[in-house]
2 protein chains.
Amino acid sequence: MGHTCVTATTSDEGVAVPVTIRDVARASGVHISTVSRTFSAPHLVNPETRVRVLACAEDLGYRPNRAARALITGRTHNIGLIIADIANPFFPPLIKAAESQARHRDYHVFVADTNEDPTAEEELVHALAKQVDGVLLCSPRMSNSLIEQLSREVPLVVVNRQVTGLPCVLMDVGQGARSAIEHLVGLGHRSIALLGGPRSSWTNREMRRAAAAAARAGGAELTMLGPNAPTEVGGSAVAEQVRRSGVSAVLAYNDLMAIGLIEGLDALGVRVPQEVSVVGVDDITLSRLTRPKLTTVATPTGAAGRTAVDMLLQQDIESPRAARGSGAGTALGVRRTTAQVMLQTDLVIRDSTGPGPYARPARPLAAPRGPGPHCPADPGIPTAATGDAVAS
Amino acid sequence: MGHTCVTATTSDEGVAVPVTIRDVARASGVHISTVSRTFSAPHLVNPETRVRVLACAEDLGYRPNRAARALITGRTHNIGLIIADIANPFFPPLIKAAESQARHRDYHVFVADTNEDPTAEEELVHALAKQVDGVLLCSPRMSNSLIEQLSREVPLVVVNRQVTGLPCVLMDVGQGARSAIEHLVGLGHRSIALLGGPRSSWTNREMRRAAAAAARAGGAELTMLGPNAPTEVGGSAVAEQVRRSGVSAVLAYNDLMAIGLIEGLDALGVRVPQEVSVVGVDDITLSRLTRPKLTTVATPTGAAGRTAVDMLLQQDIESPRAARGSGAGTALGVRRTTAQVMLQTDLVIRDSTGPGPYARPARPLAAPRGPGPHCPADPGIPTAATGDAVAS
DNA sequence: CGTGATGCTGCAAAGGTTTGCAATGAAGTA
DNA sequence: TACTTCATTGCAAACCTTTGCAGCATCACG
């Protein structure tokens, strides 16, 4: 296995001596219910008793068993976060924001990765169902109908997907794609390619729709490429195709693909942005670190994570799951309000886009360096390059 | 909050009608224990009965309540994964490998992010304790003694940290740092800086130790910088300091810092590798995409994830937690074997390192054009630049 | 002193499942 | 026929906690 085993010892360190509420009760000479109340409703127990119980609990190292507590209260104080691909830098900011928001409300977050696999998604929802109070489905790849069905098993909030009847957090990639196309058209590009991502992605469909409309409006021709894997590899794979197609600009499904594409073009000797302009989507940290720095549509991932958690918790509070009372069916027909929130996106102009074949030569330009007939970034063009700063 | 609320409807969609084992029993006319056995010990129930029960379960949409099951069996079939910072691209491959390995053994993985905060780490271990069968602690920031203490609450496997008495998975960054220093010395660098990461990181200490020894052996002077945050920002923050210090090469705590440093140096007009050589650690995907491509010490993250899960599960199987039988203290003094595994690292030479002031001009070199002359490692030094492909 | 209110505590059921043990019936054996 | 064995199923306790209800003192008030 290519590793070296350094040591291998055996020890008798006690394994998890499980100390329960009963042990604490015995030690402090009260009933278990008093111990329980000491933790879950302290104001109901005599201060003296309380300190005694707490001392004993501390001594014995007692920790409430959250699973048992969940069994009876119906609330786990956990929320699940199902992610298509943790390795995609788009998600960590969302995860962190969700976690921080959840923590403020005394919830813990369990993240699960599905590897872009719809089957794994479904399985994970089932697995999480009884161990969390709700699940955030981020950029799901499964069908809308399946999502609706699963939502009867556990409260769901969907991110980057529109499902009627379910609370959704959406990012306005349509607007983003429109801005990107308008930006490119304004630079003098008339032949643009859209590099598509996963077919089952809502974002992907929105982008196609909006980009097509914007291109039509701007008098540009839009070529559809893909679908491809939303990774660097998926981007570099189409470099050859891009070159052959003769387009002068590409809008990619996300930054990862855009960066991969730039790499791929570079390997083919095609220079960005001199010969081809490239725009990404997401504004991941990485897009500021590559050369050229990437022009991209910034998506408010942090806000999405926070909002999604808020919506889930709000929904949760309204309908406390397991109503007490055994046989009688639980709160059936509870009325719950489902909102859909659309978050704004922003075009961030950096160095991967430049003037296209139809650019108006506003001012005389410096002589083009290298073989390219095209001009390097026209200084006249207002490449605001605000840097970052997404509306949160 | 900068968003637009698109719709807000209310629906009566039934909320989680919780169907239990009891409902299935009633529907299929058997006792609940038979239903239970149908799922957890099918061979004990008559085939005819079994199909009937399964049909009813399917009809009603029954799903075993994992929390309740865990309460009595003591096994959740979940494992927890506590990560210092999900946004650090070092971790996703580890997470994915752990998840895949766990899935093969019918376990689910819950990931939690601590934001490099030791307090959050401790809290999360407590929160996870009763909801998982074991926890993987990745690059923990808390003290060894605390880790030992927590290990009595839930089985623990530690990654990137050496804790006596606990199973550990380590990556040989000491060897990696040595290779890196030898590589730099071979290139003619005599004044090298070590850019340190988090103080509480085991990796950090190991690197310091090994790098210092290797520098001494190679007749080079080693300047210690840091500690700093293990991020791009943490790297770019010391650019000025690096320039002033006059060193000709830097070994950074990880790739993120190395990349940030290169950015920072670039902003100061210092060229890499022409004026300063930079080496990172981890070999994250990003390190192949920046310009110049990063020379780095590849760490076997996938193997680490797999190995850690294996060790945890093996340990778990040996000591089934909650022995049946109430009062009598459970399996105290169970003998468990704790192994420590050390995984190899590999130096990957790319374009961010070049000849230093004391380079022997072995051959006349082409004028340093663009991305580095890349004096291929002094043939005397055995830096097996295998590329990537870490022994798994 | 009687009455009611208040503060604290104990009792026991409930939550969904697993599992040792016993009961049942059928089949096999002597 | 009587006895054993085996397969199948039911019974009930157990896992750890929460919580409605009731009991009991204590105290204030009239």
Side-chain angles (χ1 to χ4, degrees), chain A residues 16-26 28-53 57 60 62-77 129-131 153 320-330, chain B residues 16-26 28-53 57 60 62-77 129-131 133 320-330:
Chain A
V17 193
V19 31
T20 81
I21 209 175
R22 219 173 299 276
D23 301 317
V24 179
R26 202 175 312 126
S28 48
V30 298
H31 194 262
I32 59 164
S33 52
T34 301
V35 179
S36 171
R37 276 187 277 258
T38 304
F39 287 95
S40 52
H43 60 279
L44 288 182
V45 37
N46 187 317
E48 288 177 32
T49 321
R50 195 192 314 161
V51 300
R52 188 154 38 94
V53 170
L60 278 66
Y62 167 75
R63 296 272 165 188
N65 182 329
R66 302 177 63 118
R69 177 182 299 195
L71 186 56
I72 187 163
T73 61
R75 336 210 88 263
T76 63
H77 266 242
K130 293 296 195 325
Q131 320 195 48
E153 191 167 342
R321 191 148 84 221
R324 211 170 147 77
S326 59
T330 29
Chain B
V17 193
V19 32
T20 80
I21 208 175
R22 222 172 296 275
D23 301 317
V24 179
R26 204 176 309 126
S28 49
V30 298
H31 194 263
I32 59 163
S33 53
T34 301
V35 179
S36 171
R37 275 187 277 256
T38 303
F39 287 96
S40 52
H43 60 280
L44 287 183
V45 36
N46 186 316
E48 287 177 34
T49 320
R50 196 193 311 162
V51 300
R52 188 156 36 95
V53 170
L60 278 66
Y62 167 74
R63 299 271 167 189
N65 183 326
R66 302 177 63 119
R69 178 183 296 195
L71 185 55
I72 187 161
T73 61
R75 337 210 86 262
T76 63
H77 267 243
K130 293 297 195 325
Q131 321 193 48
D133 295 341
R321 191 148 83 222
R324 210 167 149 77
S326 58
T330 30

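Each chain gets a letter, A, B and so on, in the order its sequence line appears, and its residues count up from 1.
One can place CZ of A/Arg66 at 15 Å from C1' of D/dT18, the figure rounded to the nearest angstrom. Atoms CZ (B/Arg63) and P (C/dT17) sit 13 Å apart, rounded to a whole Å. Rounding to whole angstrom units, CD of residue A/Glu48 and C1' of C/dT9 are separated by 14 Å. Going from atom CG of A/Leu71 over to atom C1' of C/dG15 covers 4 Å, rounded to whole Å. Taking atom CD1 of residue A/Ile72 and atom P of nucleotide D/dT17, one finds them 11 Å apart after rounding to whole Å. For the pair A/Arg75 CZ and D/dT19 P, the interatomic distance rounds to 12 Å; values are reported in whole Å. In this structure, A/Gln131 places its CD atom 14 Å from C1' of C/dT17, rounding to the nearest Å. One interatomic measurement links the two molecules: CZ of A/Phe39 to C1' of D/dT19, which rounds to 17 Å at whole-angstrom precision.
A/Thr73 has no side-chain polar atom (N or O) that falls below the 4.0 Å cut-off from OP1 or OP2 of D/dT18. Phosphate contact (OP1/OP2 of D/dG10, side-chain N/O of B/Thr34, threshold under 4.0 Å): present.
Heavy atoms of B/Thr20 sit under 4.0 angstrom from primed sugar atoms or phosphate atoms, though from no base atom. A/Tyr62 comes within contact range of the sugar-phosphate backbone alone, with a heavy-atom separation under 4.0 Å but no base atom that close.
Nearest nucleotide to the side chain of B/Thr49, out of C/dT9, C/dT18, D/dT9: D/dT9. Here the side chain of B/His31 is nearest to one of D/dT9, D/dC16, D/dG10, namely D/dG10. Taking the side chain of A/Ile21 as heavy atoms from C-beta on, and the options C/dC8, C/dA12, D/dT18, the nearest nucleotide is D/dT18. With distances taken from any side-chain atom of B/Asn65 to the nucleotides C/dT9, C/dT17, D/dT18, the minimum falls on C/dT17. Taking the side chain of B/Val30 as heavy atoms from C-beta on, and the options C/dT18, D/dG10, D/dC16, the nearest nucleotide is D/dG10. You'll find that the side chain of A/Ser33 is closest to C/dA12, out of C/dT19, C/dA12, D/dT9.
Side-chain atoms of A/Val30 and A/Thr49, non-hydrogen and from C-beta on, do get closer than 4.5 Å to each other. Under the 4.5 Å side-chain criterion, counting only non-hydrogen atoms from C-beta, A/Asp23 is in contact with A/Arg26.
One N or O on the side chain of B/Thr38 and one on the backbone of B/Thr34 form a donor-acceptor pair closer than 3.5 Å.
Nearest heavy atom pair, residue A/Ala67 against residue B/Lys130, reads CB-O, 4.2 Å. B/Pro64 approaches B/Tyr62 most closely through the heavy-atom pair CA-OH, 3.3 Å. The two residues A/Thr76 and A/Ala70 come nearest to each other via the heavy atoms CG2-CB, 3.7 Å. What you find for A/Ile21 and A/Ile32 is that their closest heavy atoms are CD1-O, 3.7 Å. Across all non-hydrogen atoms, the minimal contact from B/Asp133 to B/Gly74 is OD1-O, 3.9 Å.
Between B/Ala68 and B/Val45, it is B/Val45 whose nearest contact on DNA chain D lies nearer the 5' terminus. Toward the 5' end of DNA chain C, the nearer of the two residues A/Ile32 and A/Arg50, judged by each one's closest nucleotide, is A/Arg50.
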Under 3.5 Å, which protein N or O atoms sit close to an N or O of nucleotides 5-7 of chain C? Give each pair with its distance.
none

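Taking five base pairs at each end of the helix from C/dC1-D/dG30 to C/dA30-D/dT1, the local helix axes there meet at an angle of 50°, rounded to 10°.
To the nearest 0.5 Å, the span separating CZ on B/Arg69 from CZ on B/Arg75 amounts to 12.5 Å.
Contacts of A/Arg66 classified as side-chain contact (heavy atoms from CB on, under 4.5 Å), with partners at least two apart in sequence or in another chain: A/His77, A/Asn78, A/His108, B/Ala127, B/Gln131.
On a pure distance criterion of 3.5 Å, a polar donor-acceptor pair joins the side chain of B/Arg37 and the base of D/dG10.
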Next on the checklist: With side-chain contact (heavy atoms from CB on, under 4.5 Å) as the criterion, how do A/Val45 and A/Val53 come out once you've worked through the C-alpha distance, each side chain's angles and the decisive distance to 0.1 Å?
Outcome noted: CA-CA 10 Å; A/Val45 37; A/Val53 170; 5.9 Å; no
